Amino acid sequence: MILYTITLMYWGIIWFLTNNIRLTKQGRNLLFIFISSASLILIMGLRDISVGTDIKTYFFVFENSHLFWHNKSSGYERGYILFNLFFKNIGINFQWFLAFLSTFFVFSISMMYYAYSKNVFLSFYLNFTMGLFQMSMSGLRQTMAIGITIIAVFLLLKNKWILFVMLTLIAFSFHSSSIVVFIFLLIYKFKLNRKQALFIFFLSIGVPLLISRSSVLFDFILSLIRNTKYAFYIEIFEPTQTKLNVILASSLIPLFSIFYFPKHTKTTNMNDTFSLFFLASCFVLSINILALSIPLIERTGFYFLFYNSLLIPNTLESINDRKTKNIFYIAFIAAGFIQMILTFPDSFAQIVPYKLMSSIQ
């Protein structure tokens, strides 16, 4: 935990220093992103294979990738196995492979933050404390898929929908759950007002509750999972891994943004993404509610969870009253730190204690 706490303090100092340098706002953001990204890559790329629940398994898959490639019923998507096989055949060891995956993931989130975050420090901070960081330290395959989909959404916001489709299909070959990202094709141009956002918020609560209560809809979704290779896990995991406090937390984020929802006009740039980030946050809420009764479905929420780290800072920047903005800013900093302290030591990812790779210890 000491390393993780020092990292956050380090980012805070860097953010303070960069904001006192005579550069443009874009220049300061770029400098902070470069420094913070480098530190994050080092933490993720230099970790020992004992850090992260599934890393030892992924190490085994990497070392035996040629066997997994020929075994078509191995249970791993072919794109990920081919990716392993490529690095293995060119003589790259697993530690460098891990470093490459870490670099790619950090690059994908950094690119999105630079383009769309109105407070890059808070975005990095929230992603680290209450976002995807824990999952990215354990689930390499889905982390890679999420990184690809983030780049795909970035391109979609540039109206490059063909590239979005191609990248999403590549992500699907790494982790089949990434198919849910195709929903962005339907919503990426939505421009909501506050009343519409409030309606969707209640819809995101009501629909999953209706599905859970409807035996027909519930059985249909469950049958989709049972028809995949992940059906094995249904017998292992309890369906109620998502706790009520997680649902409460995931409901407060979109609800908070509704109170400070920006006004959209006819002259609003099409790349204004506030509505998109809000919708992604509502999807997280809906999926967390469904996860109370449907096992494994919470995994699909990771593809939308990332956008909370954009929605929150962008909501804060839309608050005109400086005192109110500062209060919420401090509140989110405190909430993120408390969540890190409470969840990192006993989380599913098992990233505490942190250890450097064996060869440099």
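Computed from a prediction, not measured in an experiment: that's the story for all the values here.
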Strictly distance-based, threshold 3.5 Å: is any side-chain N or O of [X] a donor or acceptor partner for the main-chain N or O of [Y]?
{"X": "T149", "Y": "I146", "value": "yes"}
{"X": "E298", "Y": "I287", "value": "no"}
{"X": "Q196", "Y": "N193", "value": "yes"}
{"X": "R141", "Y": "H175", "value": "no"}
{"X": "R47", "Y": "L356", "value": "no"}

Tell me, please, which residues at least two apart from [X] pass side-chain hydrogen bond (donor to acceptor under 3.5 Å, both in side chains).
{"X": "Q350", "value": "none"}
{"X": "S178", "value": "none"}
{"X": "N308", "value": "S281"}
{"X": "E63", "value": "K88"}

Taking all atoms of both residues into account, what is the closest heavy-atom pair of [X] and [Y], and its distance?
{"X": "A197", "Y": "I258", "value": "O-CD1, 3.8 Å"}
{"X": "G45", "Y": "S102", "value": "N-OG, 3.6 Å"}
{"X": "S309", "Y": "P313", "value": "O-CG, 3.2 Å"}
{"X": "R78", "Y": "F68", "value": "NH1-O, 3.5 Å"}
{"X": "F261", "Y": "R194", "value": "O-NH2, 3.6 Å"}
{"X": "L192", "Y": "F278", "value": "CD1-CD2, 3.9 Å"}

Flag this pair as yes if the NZ/CZ of K56 is under 6.0 angstrom from the six-membered ring centre of F60 and inside a 45 degree cone about the axis; otherwise no.
-> no

Just say parallel, tilted or perpendicular for the rings of F328 and Y260, cut-offs at 30° and 60°.
-> perpendicular

Between F133 and F128, how do the two ring planes meet: parallel, tilted or perpendicular, split at 30° and 60°?
-> parallel

Within the 6.0 Å centroid threshold, strictly below: [X] and [Y]:
{"X": "F83", "Y": "F174", "result": "yes"}
{"X": "F337", "Y": "F332", "result": "no"}
{"X": "F62", "Y": "Y58", "result": "no"}

Quick one, [X] and [Y] - any side-chain contact, counting heavy atoms below 4.5 Å?
{"X": "F86", "Y": "N89", "value": "no"}
{"X": "I187", "Y": "F190", "value": "yes"}
{"X": "L140", "Y": "D54", "value": "no"}
{"X": "I41", "Y": "F104", "value": "no"}
{"X": "L311", "Y": "F274", "value": "yes"}
{"X": "F201", "Y": "L285", "value": "yes"}
{"X": "M44", "Y": "F105", "value": "yes"}
{"X": "T273", "Y": "Y188", "value": "no"}

Give the C-alpha distance, both sets of side-chain angles, the deciding distance and a yes or no for side-chain contact (heavy atoms from CB on, under 4.5 Å) between M137 and Y354.
-> CA-CA 11 Å; M137 292 283 279; Y354 180 89; 4.1 Å; yes

I need the full list of side-chain hydrogen bond (donor to acceptor under 3.5 Å, both in side chains) pairs touching [range], with sequence neighbours left out, sorted by first then second residue.
{"range": "residues 118-132", "answer": "S117-S123"}
{"range": "residues 11-24", "answer": "W11-S39"}
{"range": "residues 318-340", "answer": "D321-T324"}

Is the number of heavy atoms from other residues, nucleotides or ligands within 6.0 Å of CG (L186) greater than 12?
-> yes

Do other residues, nucleotides or ligands put more than 12 heavy atoms under 6.0 Å from the CE atom of M166?
-> no

Would Y307 and L279 count as a side-chain contact (heavy atoms from CB on, under 4.5 Å) if you check the C-alpha gap in whole Å, the side-chain angles of each, and the deciding distance to 0.1 Å?
-> CA-CA 9 Å; Y307 300 94; L279 289 168; over 6 Å; no

Value for CD (E317) from CD1 (I319), rounded to nearest 0.5 Å, stands at 9.0 Å

Kindly determine whether Y303 and S177 satisfy side-chain hydrogen bond (donor to acceptor under 3.5 Å, both in side chains), including the steps that lead there.
-> CA-CA 9 Å; Y303 297 97; S177 62; 2.7 Å; yes

For I338, the rest of its hydrophobic cluster, which grows through side-chain links under 4.5 angstrom = L342

Remaining members of hydrophobic cluster (4.5 Å side-chain criterion), L17 = I13, F16

Looking at residues at least two apart in the chain, or sitting in another chain, which of them share a ring pair (Phe, Tyr, Trp, His ring centres under 6.0 Å) with F306?
-> Y113

Go through the structure and list residues passing ring pair (Phe, Tyr, Trp, His ring centres under 6.0 Å) with F172, not counting sequence neighbours.
-> none

Under the side-chain contact (heavy atoms from CB on, under 4.5 Å) criterion, do F302 and V284 qualify, and how do the steps go?
-> CA-CA 8 Å; F302 287 131; V284 174; over 6 Å; no

Quick one: list whatever passes side chain to side chain contact (heavy atoms under 4.5 Å, CB included) with L30, sequence neighbours left out.
-> Y114

